[in-house]
Colleague: 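Below you'll find the structure I mean.
All values reported here derive from a predicted model rather than from experimental measurement. Lettering follows sequence order; numbering is per chain, from 1.
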Number of protein chains: 2
Amino acid sequence: MTTYRIGQFAAKVGLSAYTLRYYEQEGLLMPHRDANDQRYYTEEDVKWLIFILHLKGTGMTMSQLKTYVKLRAQGDATIDQRLTLLHDVADEAHAQIRALQNNLAVLEHKIDWYQGKVDATIAEDESFEAYLNRLDQEEKHDRTNL
Amino acid sequence: MTTYRIGQFAAKVGLSAYTLRYYEQEGLLMPHRDANDQRYYTEEDVKWLIFILHLKGTGMTMSQLKTYVKLRAQGDATIDQRLTLLHDVADEAHAQIRALQNNLAVLEHKIDWYQGKVDATIAEDESFEAYLNRLDQEEKHDRTNL
DNA sequence: GCTTGCCTTAGAGTCCACTCAAAGGCTTAT
DNA sequence: ATAAGCCTTTGAGTGGACTCTAAGGCAAGC
């Protein structure tokens, strides 16, 4: 069975050895030790860490992750709590995506507006505000003419 | 015409007066001054700040914002550069949304898996890995049977 | 006349998640 | 044999965007 020493593991998962020791200190990832106390990581650890990275990637904080890990260690009795926690994180992530999309929409309107100025397809002197209002009108119009 | 003193403006836009002075120091927002050097903000400032907050909300950094503002101050000759900058920010934001959605998908699969365990609709001892694999299979199956 | 709100500059503190350094020691690879 | 890689503990540094304090001083409202 394949095992990895910390340096190899770090390279494999794209983290530094520092970070791996830090995660271990925080209780997120507990590698095995060989006879000389050197850490080694297994494929199981790869899967678990990748899962952790997915959770982190949703915006889950270190502190939430630590809570999750502690609950997990207490066995099936804590599944409800884990579900609650994960639901909270998922809700947050959904909100974040919505916010991001909303902000991005404004940014892309601005890009279009600049592009229009460059292409001279919109009036030289139409303000961004006026442009946004015009878009709103057109949107309304589109919606009415479905 | 309505104007706001810093405290009122802060309340209106949901930032602190500290932050507004900080933004001013960084050149993002330059309010007017009255005879006693007290700042006052106009509706124009409201619009501009809200736009800035949208940009920030896409992940645009302070430093990018400062660049943008500087370009803007130099007039129409810098529109191409502004477009390039905003495109970069938009691309980043799109990537962020994709990453978030991807990570969230994994999290939601995990939630479903826990829920399945609680409902006893999945086997007591099916691992998350096995569950993900099974989902992949079913997805493939679904795609084939369109 | 007192409180509240604002002004200035300069600098310190906060939060989060790392990231690195120092120092001394052991093991593994070439 | 020597370098590279790992081990420990403790503590300091980093980056970004605020956030607040101190100290001293106007100015408007009740």
Colleague: State whether Tyr18(A) places a side-chain N or O below 4.0 Å from either non-bridging phosphate oxygen (OP1 or OP2) of dA17(C).
Modeller: no
Colleague: Which whole-number value in Å describes the distance from Tyr22(B) OH to dT9(C) C1'?
Modeller: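 The answer, rounded to whole Å, is 17 Å.
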Colleague: Under the 3.5 angstrom rule, does the side chain of Asn103(B) hit a backbone N or O of Ala99(B) as a donor-acceptor pair?
Modeller: yes
Colleague: How are the rings of Tyr68(B) and Tyr114(A) set relative to one another: parallel (under 30°), tilted (30 to 60°) or perpendicular (over 60°)?
Modeller: perpendicular
Colleague: For dC18(C) and Tyr23(A) - does any side-chain N or O of the residue sit under 4.0 Å from the phosphate oxygens OP1/OP2?
Modeller: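 Checking Tyr23(A) against dC18(C): at least one side-chain N or O falls below 4.0 Å of OP1 or OP2.
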Colleague: Quick one: is Arg39(A) getting a side-chain N or O under 4.0 Å of the dC7(D) phosphate, OP1 or OP2?
Modeller: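 Yes.
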Colleague: Rounded to the nearest angstrom, tell me the gap between atom CD in Gln8(A) and atom C1' in dA4(D).
Modeller: 13 Å
Colleague: Let me know the distance between NZ of Lys66(B) and C1' of dC18(D), rounded to the nearest Å.
Modeller: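 Atom NZ in Lys66(B) sits about 13 Å away from atom C1' in dC18(D).
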Colleague: Nearest whole Å is fine: how far is dA17(D) P from Met60(B) CE?
Modeller: 11 Å
Colleague: Would you check if there is a donor-acceptor pair between the side chains of His32(A) and Glu44(A) at a distance under 3.5 Å?
Modeller: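 Per modelled atom types, Glu44(A) and His32(A) side chains form no pair under 3.5 Å.
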Colleague: Measure from CE on Met62(B) to C1' on dG15(D) and round the result to the nearest Å.
Modeller: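 After rounding, the gap between these two atoms is 14 Å.
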Colleague: Without decimals, in angstroms, what is the distance between Leu15(B) CG and dT19(D) P?
Modeller: 8 Å
Colleague: dT19(C) phosphate, OP1 or OP2: any side-chain N/O from Arg21(A) under 4.0 angstrom?
Modeller: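 For dT19(C), OP1/OP2 do not have a side-chain N/O of Arg21(A) under 4.0 Å.
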Colleague: Taking only side-chain nitrogens and oxygens of Lys56(B), does any of them come within less than 4.0 Å of OP1 or OP2 of dC18(D)?
Modeller: yes
Colleague: How long is the line joining CG of Leu55(A) and P of dA17(C), in whole Å?
Modeller: 13 Å
Colleague: Does the Thr78(A) side chain pair with the main chain of Gln81(A), one donor and one acceptor, at a distance under 3.5 Å?
Modeller: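 Flag not set: sc Thr78(A) to bb Gln81(A) has no pair under 3.5 Å.
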Colleague: Measuring to OP1 and OP2 of dT8(C), would you say a side-chain N or O of Arg33(B) lies under 4.0 angstrom away?
Modeller: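 For dT8(C), OP1 or OP2 has a side-chain N or O of Arg33(B) closer than 4.0 Å.
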Colleague: Can you measure Leu20(A) atom CG to dA17(C) atom P for me and round it to whole angstrom units?
Modeller: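 Atom-to-atom, Leu20(A) to dA17(C), this comes out as 16 Å.
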Colleague: Are Asn36(A) and dT27(C) close enough that a side-chain N or O sits under 4.0 Å from OP1 or OP2?
Modeller: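 Looking at the OP1 and OP2 atoms of dT27(C), one of them is under 4.0 Å from a side-chain N or O of Asn36(A).
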Colleague: Under 30°, 30 to 60°, or over 60°: which ring-plane class applies to Tyr131(A) and His109(A), parallel, tilted or perpendicular?
Modeller: perpendicular
Colleague: When you match Thr19(A) and Gln38(A) each to their closest nucleotide on DNA chain C, which lands nearer the 5' end?
Modeller: Thr19(A)
Colleague: Toward the 5' end of DNA chain D, which comes first, Arg5(B) or Ser63(B), by nearest nucleotide?
Modeller: Ser63(B)
